Amino acid sequence: MSTSEELLKLAVEVAEEAAQLIVERRRGTITVAETKSTITDVVTAVDRESEELIRARILRARPDDSFLGEEGDDVVGTSGVRWVVDPIDGTVNYLYDLPTYAVSIAVEYGGETVAGVVVDAPKGEVFTATLGGGAFADGKPIQVSGATELSQALVGTGFGYDPARRQVQAEVVQHLITKVRDIRRIGVGAIDLCYVACGRLDVVYERGLNPWDYGAGALIAAEAGARVGGLNGAPVSPEMSIAATPALFEPFHALLAGADPLRV
């Protein structure tokens, strides 16, 4: 296997190329190509074009690797390395020309994420990390805010596409809103995690994120000093992802579980 740094170098090159593509395409007319889980869960033709570009570049350079993308068929390789890709994280933002959406690429070896990059495409900001190597924004080291008071925490979250889930998530927000500084809904799970990493948010939580949403961002947050996990000692998963400054993880977890752990 190549080193984590070599894998990250390729990931960054490809992610930046894909980010340039989607920004260029956004200068034209963007329409919905299809919907997935619900009528609000949209895919554009550019999502597919971006993923095809990323897949082609990576597998041309590393034909024995595995590939998991949000929009296409999985590729099973033999090297032990798997690339986990979101070609446009924040497709609804992209559709509406809200200027926050990202390309996210995580690299796993033996099931463990060893490198990750998230490119905020409109801003050109590049967040990176390798396992044990720290986290960076545009090449400069970043770290979490160090916030310790839950009442002063700025909390990020997101909502699912299913109306029944959204109803529950709204009830959870109602439980949280008076106990924290405020809540932000940016619309890009990978960016939320990177914002914890660089101190723009103190906590993020969300149910329903997929591996391509959190793969790179969770590593970047952890390498910046965040505590990252799910509910009740579980790892990050589609069931729940939480990233917080170390002093806030436990009190926020208790607050979130108190909202109703069976329904969060």
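Small disclaimer: the values here were computed from a predicted structure and weren't measured.
Proximity of a side-chain donor or acceptor of E24 to a complementary backbone N or O of L21 within less than 3.5 Å is not detected. When atom types are taken as modelled, the side chain of N93 and the backbone of T100 share a donor-acceptor pair closer than 3.5 angstrom. Remark: the backbone N or O of G77 is paired with a side-chain donor or acceptor of S66 at under 3.5 angstrom. Under a 3.5 Å cut-off, the side chain of N210 and the backbone N or O of W212 do not form any donor-acceptor pair. Proximity of a side-chain donor or acceptor of D89 to a complementary backbone N or O of D86 within less than 3.5 Å is not detected.
At least one side-chain heavy atom of L150 sits under 4.5 Å from a side-chain heavy atom of L255.
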Determine, step by step, whether Y109 and S4 satisfy the side-chain contact (heavy atoms from CB on, under 4.5 Å) criterion, reporting the C-alpha distance in whole Å, the side-chain angles of both residues, the deciding distance to 0.1 Å, and the verdict.
-> CA-CA 9 Å; Y109 180 68; S4 298; over 6 Å; no
Can you list the steps and then say if V107 with L8 is a side-chain contact (heavy atoms from CB on, under 4.5 Å)?
-> CA-CA 8 Å; V107 192; L8 179 64; over 6 Å; no
Apply side-chain contact (heavy atoms from CB on, under 4.5 Å) to D138 and E125, showing your working.
-> CA-CA 6 Å; D138 293 336; E125 192 168 32; 3.9 Å; yes
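Under the ring pair (Phe, Tyr, Trp, His ring centres under 6.0 Å) test applied with Y205, the options F159, Y214, F249, F252 reduce to a single match, F252.
Hydrophobic clustering keeps V196 apart from L231 (ILVMFWY residues linked when any side-chain heavy atoms are closer than 4.5 Å, directly or through intermediates). Linking ILVMFWY side-chain heavy atoms closer than 4.5 Å, directly or via other members, places L201 and V228 in a single hydrophobic cluster. Residues Y101 and V118 do not share a hydrophobic cluster, defined by chaining ILVMFWY side chains whose heavy atoms lie under 4.5 Å apart. Cluster annotation: I88 and I191 are assigned to distinct hydrophobic clusters (Ile/Leu/Val/Met/Phe/Trp/Tyr, side-chain heavy-atom contacts under 4.5 Å, transitive). If you chain together hydrophobic residues whose side chains sit under 4.5 Å apart, V119 and I105 fall into the same group.
For E206, there are no side chain to side chain donor-acceptor pair (under 3.5 Å) partners at least two apart in sequence or on another chain. T148 meets the side chain to side chain donor-acceptor pair (under 3.5 Å) test with no other residue; sequence neighbours excluded.
Heavy atoms of other residues, nucleotides or ligands lying less than 6.0 angstrom from CD of E149 number 12 at most. The environment of CD in Q143 is sparse: at most 12 heavy-atom neighbours from other residues, nucleotides or ligands sit within 6.0 Å.
For the atom pair CD of Q152 and CZ of R181, the computed distance is 4.5 Å after rounding to the nearest 0.5 Å. One distance of note links CG of D182 with CG of D202; it measures 11.5 Å at 0.5 Å rounding.
Taking all atoms of both residues into account, the shortest heavy-atom contact from R82 to F67 is CG-N, 4.2 Å.
Checked for salt-bridge contact, E52 and R48 miss the test: no charged N lies under 4.0 Å from a carboxylate O.
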